[in-house]
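Throughout, numbering of the chain's residues begins at 1 and tracks the sequence.
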Amino acid sequence: MEKIVAFMEKHIVPTATKIGHQRHLIAIRNGFLGMIALTMLSSICVLIRNFPSDTYKLWLTTSEFGMHVNEICQNISWGTFSFMALFACFGIADSLWKSYDRKGMEGALVAVAIFMAISPQTVNYVASEGAEAILVKGGLASANFGATALFTAIIVALLSVELLNYFYNKDFLKIKLPDAVPPAVARSFESMLPGMVTLTIFIVGGYILRALCGGMYLNDVIATIVQTPLQGLTDSLGSAILIPFGNSFFWSLGLHGQDIMSPITTPLLTALSAENMALAGAGATTGYNTITSPFFYAFVWHGGAGATIGLMLAMVLGGKKVRERNKAITSLALGPSIFNINEPVIFGVPIVLNPIYAIPFIIAPIVNSVISYLAISSGLVAPTIVQSIPWVTPAVLSGFLATGHWTGALLSAFTFVLSIVIYLPFVKASVVMEEKEMAKKLAEANGIEIEEIEEEKKEEVQEVTISEDEILDKPEMRIMLACAGGMSTSLLARKIQDYGRTKGHNVKSWAIGISSIPEASGSYDVLLLGPQVKHLRDELREKSDADKPVEVIKSQDYGTMNAEAVFNRALELLKQ
């Protein structure tokens with residue numbers, strides 16, 4: 001087993017780290033993360049308009065107040081859901097442009113301009129119901145900027161920024177102004193010619209493509225050749241197995257599985273979710289996709305990746321011996337696990353590179369996913385009808401919010417219980433293995449004279465009796481923690497601050513998401529990263545203050561929320 005672990009650490013972890021560090025995949029991930037507020041609000045509006053009650057629906061369409069609510073929700077959906085690809089194009093291009101240390105929004109603006117210019121500029125207008133559609137020129141149909149154009153948006157964003165960056169590096173295309181000119185003005189002139197050349201190349205290329213493809217626009221070509229086939233493969237039993245497997249596999253190596261896989265899976269799942277949302281808005285009863293983004297959060301990942309709420313409850317319900325052995329980790333991690341924050345579980349148990357727990361960590365979500373896929377595709381359970389749900393939503397409630405139906409809540413409850421059942425034998429086996437290992441060591445030591453070694457006395461932790469005013473008079477130590485979203489690190493940050501103050505230090509400790517590190521410049525003295533984002537360490541170091549120490553927190557200290565060890569390490573870094 002040790003050889004397997006060593007092989008994974010030597011060969012698989014570095015490869016996975018490189019994948020997670022790839023700038024184009026990071027740009028796609030960041031672009032979709034930036035749309036969370038939009039997709040969440042549009043999903044809420046779909047639930048409001050499709051609540052499963054005939055009386056409610058009648059009120060929504062007949063009463064004056066209900067019609068106002070209905071129209072407001074429709075306006076929100078129009079402004080968010082209908083132009084999803086446009087927002088994705090802007091976000092991805094902006095992230096990629098900034099990854100080349102470029103300032104300003106030139107990359108995003110050029111990409112959006114290209115995306116709009118190579119899209120159809122005609123609209124089918126229907127004067128009244130049943131009337132013949134009239135083709136009107138000079139308009140933009142929302143259908144060309146929604147979920148069906150996501151892949152086009154991604155390709156345009158990546159290629160346009162790459163070409164713009166290439167031309168930006170050519171001195172003969174730069175218009176250089178005197179040093180007295182404000183930097184923002186000088187930068188806009190420097191990017192003017194590269195931007196014009198990039199726009200011209202793409203727009204002329206789009207025109208030639210239409211001529212060669214019988215009038216088909218780029219979005220039509222990509223949808224036919226790429227997006228539709230890939231979506232068909234994604235909405236399948238195979239994906240119901242591969243997606244949770246990949247997520248859990250990377251997490252079992254200590255890497256953020258969702259961050260590594262999301263650049264590939266998010267565009268596909270988002271498009272499938274959007275189709276379901278559109279069908280729900282139209283009142284359709286058939287034709288829904290099974291695999292969507294909410295599918296995994298509602299039915300598969302209870303407690304976070306690996307369905308680890310099942311592990312926590314198995315440790316509580318596994319009997320007195322199991323409960324006592326795992327009391328420390330369950331008391332620390334059970335609460336956050338309810339809201340799908342499970343880094344304390346993954347690094348505290350630990351699950352990382354621990355075969356006895358890595359096995360159910362991979363198996364449980366796959367079983368949940370397969371059962372849920374079969375239940376929804378067979379019609380026993382209502383399909384998901386929203387674009388997304390808050391990832392911190394507890395089980396059962398998440399199933400209802402994803403489907404808007406009681407059968408969704410029931411399926412979520414079933415897979416929740418199933419997770420506990422899957423983890424239970426492994427929890428008991430872990431205790432048995434520990435007892436056997438201990439008995440073996442005792443047997444080996446029996447009869448052997450062991451030299452007694454006096455252990456060094458540990459310094460007792462004593463609280464410093466010092467007033468709040470005296471602490472605040474001391475120089476402030478600013479310790480900033482960061483992980484994917486700043487959720488799990490916020491638990492540790494508070495403990496660090498409390499511990500530091502008991503030792504008489506004026507400590508300020510807080511947590512942020514990794515995307516906010518550049519904006520936090522100058523506000524911290526030391527930056528500590530959660531171990532789940534260690535594959536992004538080099539990238540995040542470049543985005544952080546050059547004169548401030550940056551280090552990844554040790555997995556064991558992070559998992560056990562060892563504020564003392566983490567604070568002392570931060571203190572060492574500051575002294576260095």
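With no hydrogens or angles considered, no side-chain donor-acceptor pair links W78 and S82 at under 3.5 Å. Between the side chains of N276 and T292, no donor-acceptor pair of N or O atoms lies under 3.5 Å. T152 and N219 share a side-chain donor-acceptor pair at under 3.5 Å. With 3.5 Å as the limit, one finds no donor-acceptor pair spanning the side chains of N70 and T61.
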* Under the side-chain contact (heavy atoms from CB on, under 4.5 Å) criterion, do V386 and L401 qualify, and how do the steps go? -> CA-CA 8 Å; V386 297; L401 292 179; over 6 Å; no
* Would you please test E539 and I26 for side-chain contact (heavy atoms from CB on, under 4.5 Å) and show each step? => CA-CA 10 Å; E539 176 198 349; I26 291 172; 2.9 Å; yes
* To do: Show your reasoning for whether side-chain contact (heavy atoms from CB on, under 4.5 Å) applies to F416 and L313.
  => CA-CA 10 Å; F416 174 84; L313 291 175; 3.5 Å; yes
* **Derivation of the side-chain contact (heavy atoms from CB on, under 4.5 Å) call for N144 and Y217** => CA-CA 10 Å; N144 297 318; Y217 284 81; over 6 Å; no
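Ring geometry for W251 against F347 counts as perpendicular: the plane angle is over 60°, on a 0 to 90° scale with 30° as the lower cut. The aromatic rings of W301 and Y297 lie perpendicular to each other, with more than 60° between the two planes, well past the 30° mark.
One distance of note links CD1 of I351 with OG of S555; it measures 12.5 Å at 0.5 Å rounding. Note that the CD1 atom of I114 and the OG atom of S119 stand 11.0 Å from one another [nearest 0.5 Å]. Once rounded to the nearest 0.5 Å, the distance linking OG of S95 with CG of L158 reads 10.0 Å. How far CG of N326 is from CG of L334: 12.0 Å, rounded to the nearest 0.5 Å. Distance check, rounded to the nearest 0.5 Å: CD1 of I512 to OG of S490 gives 12.0 Å. Separation of atoms CG (L418) and CG (L411) is listed at 10.0 Å; rounding is to 0.5 Å.
Within the 4.5 Å cutoff, side-chain heavy atoms of V370 are placed close to those of L237. Looking at I385 and Y288, their side chains come closer than 4.5 Å, going by heavy atoms from C-beta outward. Two residues are said to be in side-chain contact when any heavy atoms from C-beta on lie closer than 4.5 Å; N30 and L33 meet this criterion. In this structure, F115 and F145 have side chains that are in contact, with non-hydrogen atoms separated by less than 4.5 Å. F299 has its side chain within reach of T403: a pair of non-hydrogen atoms, C-beta onward, lies under 4.5 Å apart. Residues R29 and T266 fail the side-chain proximity criterion, which asks for heavy atoms closer than 4.5 Å. Under the 4.5 Å side-chain criterion, counting only non-hydrogen atoms from C-beta, T489 is in contact with Y558. Counting only heavy atoms from C-beta outward, the side chains of I291 and L268 never approach each other to under 4.5 Å.
Counting only distance, with no hydrogens or angles, the side chain of S239 and the backbone of D235 share no donor-acceptor pair below 3.5 Å. Listed for the S77 side chain is a donor-acceptor partner under 3.5 Å among the backbone atoms of C73. The main-chain N or O of L272 is found under 3.5 Å from a side-chain atom of N289 such that the two form a donor-acceptor pair. Proximity of a side-chain donor or acceptor of S337 to a complementary backbone N or O of I309 within less than 3.5 Å is not detected. Distance alone, capped at 3.5 Å, places no donor-acceptor pair between the S236 side chain and the G232 backbone. Between the side chain of S42 and the backbone N or O of T39 there is at least one donor-acceptor pair closer than 3.5 Å. Under a 3.5 Å cut-off, the side chain of R23 and the backbone N or O of S99 do form a donor-acceptor pair. Remark: side-chain polar atoms of S412 are paired, donor with acceptor, to backbone N or O of A298 under 3.5 angstrom. Listed for the S43 side chain is a donor-acceptor partner under 3.5 Å among the backbone atoms of Q387. Panel note: side chain T308, backbone G304; no donor-acceptor pair is recorded below 3.5 Å.
The nearest pair of heavy atoms linking I28 to P263 is CG2-O, 3.6 Å. When all heavy atoms of V69 and I48 are compared, the closest pair comes out as CG1-CG2, 4.0 Å. Here the closest non-hydrogen pair linking G257 and F250 is CA-CB, 3.7 Å. Between R49 and L60, the shortest heavy-atom contact is CA-CD2, 3.7 Å. The heavy-atom pair separating H302 from T415 by the smallest distance is NE2-OG1, 2.7 Å. In terms of heavy atoms, A333 sits closest to V345 at CB-CG2, 3.6 Å.
The 12-atom threshold is not exceeded at NZ of K428, counting heavy atoms of other residues, nucleotides or ligands nearer than 6.0 Å.
Aromatic ring centres of F249 and F245 lie closer together than 6.0 Å.
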